[in-house]
Each structure stands twice: as structure tokens, then as C-alpha cells.
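Owing to the predicted nature of the structure, the values given are computational and were not obtained by experimental measurement.
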Amino acid sequence: MPQVAGLVECHPVTVRNAVHRFTGGGFDALADAPRPGWPAQVTDDDLATLGALLDASAESGVTWTARELCDWLEQERGVRVSAAWLTELLHREGFRWKRTRESLRHKADPDLRVIAQPGVQRLSVHARKHVDRE
């Protein structure tokens, strides 16, 4: 038992239990028992679709928050999940991220930016004059 446990990287008691189950019921007896709790809400297909969305978004420079991803999953796939659990699932899938700068520039409407630019210029000139006086 200890040698087999070393090969499959588990505890000898686990190997012993598996051998007893096998001798009592064959290969069918080796299947894991159902896990307690609610069944998974987010399926592998949902995670694959979400992964494709994130990959495409990264290529185009679009960023998402965990909450936005949860909303997208609910609207597009009908799956409700908390942001904390979704981040855990994405970590398990190998996704990594870091905090973005505190700027919403990437989400700004280009037309509105053009319209607002003259007012921003006036404010920044006024601010510079005020700083120069001090």
C-alpha cells in the first residue's frame, strides 16, 4: 500500500479504501460518491465561453470587472454567480489579472470626449494659472 500511495501521490489509507471498494464491486465501485451541496451553477461550457470573451476582450483592449462579468453571465447565459466565486473559478482556470489604473478613459464615449475637450482645456489652463500664483 505505501509504495502504491507514493506512486499515485495520496495517503496509504486512500489506496487501501480503493482496493477494498474494487474487490467488493469492481471498477464501478471506484467512482466518487456525489458531492454534498448544490450542484455547480457555472458549467465548463460557461467557463469556456467566458474565457473566449476575455481573450477577445484582451486583444481589443477592453477590460472587465468581476461584477461586470457576473452581469454578462446572467444576461447571456442565464447563470447567477457572485463576483467572489467567479474570481475563484477564473483563478482555477488559469486566468490572472491585476488592478487597472483608476481611470475610466477606456470606457469613455469618443464623441462626448471631443465635445467636452474645450471645457477641459479651459479648466486645466485655469488650474495651472492658480498653481503658478502660489
Practice item. Using the side-chain hydrogen bond (donor to acceptor under 3.5 Å, both in side chains) rule, take R96 and H91 through it: C-alpha gap first, then chi angles, then the decisive distance, then the call. Key: CA-CA 6 Å; R96 300 292 180 257; H91 270 290; 3.0 Å; yes
Check your understanding: Would L69 and L90 satisfy side chain to side chain contact (heavy atoms under 4.5 Å, CB included), going step by step from the backbone distance to the final call?
Key -> CA-CA 11 Å; L69 289 172; L90 289 172; 4.0 Å; yes
Practice item. Kindly indicate, with the supporting measurements, whether the criterion side chain to side chain contact (heavy atoms under 4.5 Å, CB included) is fulfilled by E93 and L47. Key: CA-CA 8 Å; E93 291 293 312; L47 287 174; 3.8 Å; yes
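Between the side chain of D46 and the main chain of T43, a donor-acceptor pair closer than 3.5 Å is present.
Cluster note: F22 groups with F27, L30 through ILVMFWY side-chain heavy atoms spaced under 4.5 Å, whether in direct contact or through intervening members. Applying the 4.5 Å side-chain rule to ILVMFWY residues, one finds that W38 remains a lone member of its cluster.
Between L86 and A66 the shortest heavy-atom distance is CD2-O, 4.1 Å. When all heavy atoms of P12 and P2 are compared, the pair lying nearest together is CG-CA, 4.3 Å. Across all their heavy atoms, W64 and S57 have their closest contact at NE1-OG, 2.9 Å.
For CG of D44, the number of neighbouring non-hydrogen atoms (other residues, nucleotides, ligands) closer than 6.0 Å is 12 at most. The environment of CZ in R67 is crowded: more than 12 heavy-atom neighbours from other residues, nucleotides or ligands sit within 6.0 Å. Within 6.0 Å of atom CD in Q41, 12 or fewer heavy atoms from other residues, nucleotides or ligands are found, so the atom counts as exposed in its surroundings. For CG of D55, the number of neighbouring non-hydrogen atoms (other residues, nucleotides, ligands) closer than 6.0 Å is greater than 12.
A continuous path of hydrophobic side-chain contacts links V8 to V19 [ILVMFWY only; heavy atoms under 4.5 Å]. In the hydrophobic cluster analysis, where Ile, Leu, Val, Met, Phe, Trp and Tyr join through side-chain heavy atoms closer than 4.5 angstrom, M1 is grouped apart from L7.
Rounded to the nearest 0.5 Å, atoms OG1 (T49) and CD (E76) are 10.0 Å apart. Atom-to-atom distance recorded for R92:CZ and T87:OG1 is 10.5 Å, nearest 0.5 angstrom. Atoms CG and CZ, from L50 and F95 in turn, are 7.0 Å apart once rounded to the nearest 0.5 Å. Atom CZ of R77 and atom CG of L53 lie 11.0 Å apart (nearest 0.5 Å). Rounding to the nearest 0.5 angstrom, the gap separating the CH2 atom in W97 from the OG1 atom in T65 is 11.5 Å. Within the model, atoms CD of Q75 and SG of C70 stand 11.5 Å from one another, a figure rounded to the nearest 0.5 Å.
Defined by atom type and a distance below 3.5 Å, a donor-acceptor pair is missing between the side-chain atoms of T14 and N17.
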